[in-house]
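Data first, discussion second: the structure below is written as structure tokens.
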Amino acid sequence: MEDEKFDVIIVGAGPAGSACAYILAREGKSVLMIERGDTAGSKNVTGGRLYTYALELVESNLYKEAVLERAVVREQIMMLSDKTGLTMDYFAGTNMEERMPQSYTILRAPFDEWFAGKAEEQGAMIAAGILVDELIEKDGKIVGVKAGGDEMYADLVIAADGVNSSMARQAGLKKEWNGHEVGIGVKEVIELDPETIQQRFNVEPDEGVARAILGGTDSVMGGGCLYTNKDTISLGVVLSPASLAAQERSIADIYQDFKMHPAIYPLIKDGTTVEYSAHLVPENGWNSVPEKLYRDGFLMVGDAAGFVINTGTMIRGIDLAIVSGVAAARAVLKAAAPADVGQLYMKELNELQLISTMQLFAGWPQITGLPRMSSVYPDLANEMIGSLFYVDGKLPKRMDKSMLQILRKHVGIGQVLADAWKGFKAL
């Protein structure tokens, strides 16, 4: 009944929804957060990283309470050829006693459950195990939701229901994804004892690695990632649906070969798989963010709004989700009337620099979408670096001639220049 009306109903208890619910409930708003999983996080693909600045926007020093894994002290880029691997390792370092680490690896299931619980502590009502069927619209305004035959009403409904947001589509603000806007991801969580992880990745207790991986996907456009957790490793690949459909191998087979690559397998050897899952990943950045993120009585946050950045070497989604949840909460608190929330939300997204950050990286899909990034250039880099260390007792070729010969073997100079120009324009 409309007599039992909330200030805000949030559909989805991921990082965006929980950040919004936490702030609104803390400030005295009546909030209902509806989650289709049995618990917050139970439907999420596990593994990733969280940039701590985002939690600081919710509450100062909240990261100290959060369910986090390891502080990222090594940023790595790996390029794989058929049998070899080249890894660039940047040691960022951190002194956790003196300053806040920039980012942590996380496991989404425990993190999301913790975050939703913190929102509940502030006074938000959490309803788990409930699938929202549809929005309720009256006189052109969204006024509530229907779930399992029940109707629930609010001044504002916030879609925080992820990349396949049915709420955003029902509101008429979002179209179905096409194959060039998303990737198909497979991620596995592999259990290893902490000492083994620390030895294999050259880190201390509570320190970790985030690794972006190019190549190793059987020439299918895409890439991989690896994150070290306390006693597990999160390993996965994301592949282009169009490129995958153009050949006969399944994504499961490609992933299996990827994890058995001679440069990958020693890192996970003797580990036990504790989770295996697949999901869609937004790949097109700002180019796929809907033209309008709100309408009267309704707005979108997080993955539902398309707030993801993937440069091939940096993947950001969780922090942007939290920032958008903060922006939504601030808009609600500043609005003199419910009709003002949408425009205030856009203002907050700008002030928090989320939109300008998304726009800054808008050209990167043109670079990461180059087919040569998944095979030709990793092969080229491996052969060039390998040649620097090769000795067979014969007179070596001059380095400039050797490098030029390897370059021409893999790709034409004209193509390299064209790709470089495309990358320059995208930046």
Side-chain angles (χ1 to χ4, degrees), residues 15-16 45 47-56 68-80 86-94 100-106 108 163 181-183 185 187 201 203 207-217 221-229 233-240 279 281-289 302-303 305-324 352-370 373-374 377-378 381 422-424 426-427:
V45 173
R49 76 191 296 180
L50 168 69
Y51 291 94
T52 45
Y53 83 93
L55 274 184
E56 287 295 285
L68 305 174
E69 295 296 311
R70 291 176 179 264
V72 176
V73 299
R74 291 189 178 277
E75 304 276 4
Q76 299 177 344
I77 301 172
M78 172 180 265
M79 290 183 281
L80 299 177
L86 166 64
T87 302
M88 291 175 281
D89 181 9
Y90 169 66
F91 177 69
T94 183
M100 176 178 68
Q102 176 184 256
S103 67
Y104 281 85
T105 58
I106 67 169
R108 283 290 303 276
V163 60
E181 295 179 294
V182 295
K187 188 172 285 185
F201 292 91
V203 292
E207 294 182 344
V209 168
R211 178 179 296 188
I213 305 171
L214 303 176
T217 54
M221 284 176 55
C225 59
L226 182 152
Y227 301 100
T228 57
N229 308 310
I233 290 174
S234 297
L235 179 69
V237 295
V238 178
L239 305 179
S240 159
H279 62 127
V281 180
E283 292 278 274
N284 209 28
W286 177 251
N287 308 294
S288 291
V289 173
D303 278 358
F307 292 149
V308 176
I309 294 172
N310 181 3
T311 67
T313 59
M314 176 183 67
I315 302 171
R316 293 178 58 184
I318 300 172
D319 65 307
L320 300 179
I322 292 173
V323 171
S324 66
L352 290 168
Q353 299 184 324
L354 187 150
I355 288 178
S356 57
T357 299
M358 293 285 298
Q359 291 173 336
L360 180 66
F361 292 101
W364 277 88
Q366 298 178 43
I367 303 173
T368 56
L370 291 170
M373 294 295 290
S374 301
Y377 290 130
K422 181 179 288 189
F424 177 77
L427 300 177

Roughly how far, to the nearest 0.5 Å, is [atom2] of [Y] from [atom1] of [X]?
X    : Y    : atom1 : atom2 : value
E75  : M314 : CD    : CE    : 10.0 Å
W286 : I355 : CH2   : CD1   : 4.5 Å
I315 : N310 : CD1   : CG    : 4.5 Å
I106 : R70  : CD1   : CZ    : 15.5 Å
I309 : N284 : CD1   : CG    : 12.5 Å
D89  : R74  : CG    : CZ    : 4.5 Å

Worksheet item: Among pairs that include at least one residue of residues 354-366, which meet salt bridge (Lys or Arg N to Asp or Glu O under 4.0 Å), considering only residues two or more places apart or in two chains?
Response: none
Would you call [X] and [Y] a side-chain contact if the rule is heavy atoms closer than 4.5 Å?
X    : Y    : result
L55  : I322 : yes
V308 : L320 : no
E283 : M221 : no
V72  : Y227 : no
L354 : F307 : yes

Practice prompt. Taking salt bridge (Lys or Arg N to Asp or Glu O under 4.0 Å) as the test, write out the residues that go with R211, two or more places apart.
Written response: none
Worksheet entry | Enclosure of Q353 CD (heavy-atom neighbours >12, cutoff 6.0 Å) | no
Checking [X] now: which residues fulfil side chain to side chain donor-acceptor pair (under 3.5 Å) with it, not counting sequence neighbours?
X    : result
T52  : none
E181 : N178, S288
E69  : none
D319 : Y53, R316

Using a 3.5 Å distance criterion without hydrogens, assess whether the side chain of [X] forms a donor-acceptor pair with backbone atoms of [Y].
X    : Y    : answer
S324 : G302 : yes
R49  : T105 : no
N287 : A362 : yes

Which atom pair, heavy atoms only, marks the closest approach of [X] to [Y]?
X    : Y    : answer
P15  : I318 : CG-CG2, 4.0 Å
G306 : M358 : O-CE, 3.6 Å
V182 : P282 : CG1-CA, 4.3 Å
P101 : Y104 : CG-OH, 3.3 Å
T228 : V209 : OG1-N, 2.7 Å

Worksheet item: Hey, mind stepping through I233 and L226 against side-chain contact (heavy atoms from CB on, under 4.5 Å) and telling me if it holds?
Response: CA-CA 7 Å; I233 290 174; L226 182 152; 3.8 Å; yes
